[in-house]
Amino acid sequence: MNEKTLRVEKIKNGTVIDHIVAGRGAEVLRALKGIEGRTVILAVNVSSTRMGKKDVLRIEDKYLAPPEYSHVALVSPDATIVTIRDFEVMKKEKADLPKSLKGIAKCNNPACVSNREPDVASEFSVIEKRPARLKCLYCEQEMRV
């Protein structure tokens, strides 16, 4: 192996999130749940012909649920989520924001009922996807992500 090459083994089962905006991979990692005890590799500022630089996140033995796709899309709307089983690519999808989000972002308005009442989950409508612009369904506060 060339001394300048770092090799990472193929992932047997799990998820690879590719095309994350350079420098935002750690934010994607923080947004995901259920990664405790799993092997995670985060590559930051990797060369990319399409993006120039990108981040790549690899999580063994974890498959993303639809709400987690929204988390990824909020942080990096052009990310690609790849599901791998037995070393084979089973699914490859773009992260995409749905028309509404529930319980995955916090309203910027401290007086909003979703911030004051513990049993009230935040809810937003997605006004724009790139860059993400959300509108709180309770207080109508708009925010950019």
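Note that this is a predicted model, so its numbers are computed, not measured. Position 1 is the first residue of the sequence, and the numbers go up from there.
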Can you confirm whether [X] sits close enough to [Y] that some side-chain heavy atom of one is under 4.5 Å from a side-chain heavy atom of the other?
X    : Y   : answer
I11  : F87 : no
V56  : I17 : no
L97  : Y69 : no
T15  : V82 : no
L134 : L74 : yes
V89  : T83 : no
R38  : E36 : no
V21  : V75 : no

Residue pair I84, M90: steps toward the side-chain contact (heavy atoms from CB on, under 4.5 Å) verdict: CA-CA 5 Å; I84 298 172; M90 302 306 294; over 6 Å; no
CA sep, side-chain torsions, deciding dist, call: R58, V40, side-chain contact (heavy atoms from CB on, under 4.5 Å): CA-CA 6 Å; R58 182 184 114 156; V40 176; over 6 Å; no
Passing candidate, salt bridge (Lys or Arg N to Asp or Glu O under 4.0 Å) with E128, options K135, K99, R133: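 Testing each of K135, K99, R133 against E128, the sole residue satisfying salt bridge (Lys or Arg N to Asp or Glu O under 4.0 Å) is R133.
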Path from L29 to V72 over hydrophobic side-chain contacts below 4.5 Å: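 Shared cluster, yes.
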Shared hydrophobic cluster, I20 / L32 (ILVMFWY, side-chain heavy atoms < 4.5 Å):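 Yes; L32 is reachable from I20 via cluster members.
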Any side-chain donor near an acceptor of the partner, T80 and K94, under 3.5 Å: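 The answer is yes; a qualifying pair exists.
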Residue pair S47, K53: steps toward the side-chain contact (heavy atoms from CB on, under 4.5 Å) verdict: CA-CA 5 Å; S47 293; K53 296 280 183 183; 4.0 Å; yes
How far apart are the closest heavy atoms of [X] and [Y], and which atoms are they?
X    : Y    : result
A22  : N45  : CB-OD1, 3.3 Å
C112 : Y138 : SG-CB, 3.9 Å
A26  : L42  : N-CD2, 3.8 Å
P98  : V126 : O-CG2, 3.0 Å
A121 : G103 : CB-CA, 4.3 Å

For [X] and [Y], indicate whether the former's side chain and the latter's backbone hold a donor-acceptor pair under 3.5 Å.
X    : Y    : result
E68  : A65  : yes
N13  : D86  : yes
N108 : M143 : no
N109 : A111 : yes
D55  : G23  : yes

D96 with K129: basic N within carboxylate O range, under 4.0 Å: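 Salt bridge: yes.
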Just verifying a value: how many Å separate [X] [atom1] and [Y] [atom2], rounded to the nearest 0.5 Å?
X   : Y    : atom1 : atom2 : answer
S70 : L101 : OG    : CG    : 5.5 Å
L57 : I41  : CG    : CD1   : 9.5 Å
K12 : R85  : NZ    : CZ    : 12.5 Å
K62 : T39  : NZ    : OG1   : 14.0 Å

Summary of side-chain hydrogen bond (donor to acceptor under 3.5 Å, both in side chains) pairs that have at least one residue in residues 113-122, sequence neighbours excluded: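 The answer is none; no pair qualifies.
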CA sep, side-chain torsions, deciding dist, call: E27, R30, salt bridge (Lys or Arg N to Asp or Glu O under 4.0 Å): CA-CA 5 Å; E27 289 178 61; R30 278 192 297 270; 5.2 Å; no
Of K54, R130, R50, the residue whose pairing with D78 passes side-chain hydrogen bond (donor to acceptor under 3.5 Å, both in side chains):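 Output: one option passes, namely R130.
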Heavy atoms from other residues, nucleotides or ligands near NZ of K106 exceed 12 (cutoff 6.0 Å):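 Counting other residues, nucleotides and ligands, NZ of K106 stays at 12 neighbours or fewer.
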Residues which pass salt bridge (Lys or Arg N to Asp or Glu O under 4.0 Å) with E123, listed by chain and number, not counting sequence neighbours: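 Scan of E123 (salt bridge (Lys or Arg N to Asp or Glu O under 4.0 Å), adjacent residues dropped) gives none.
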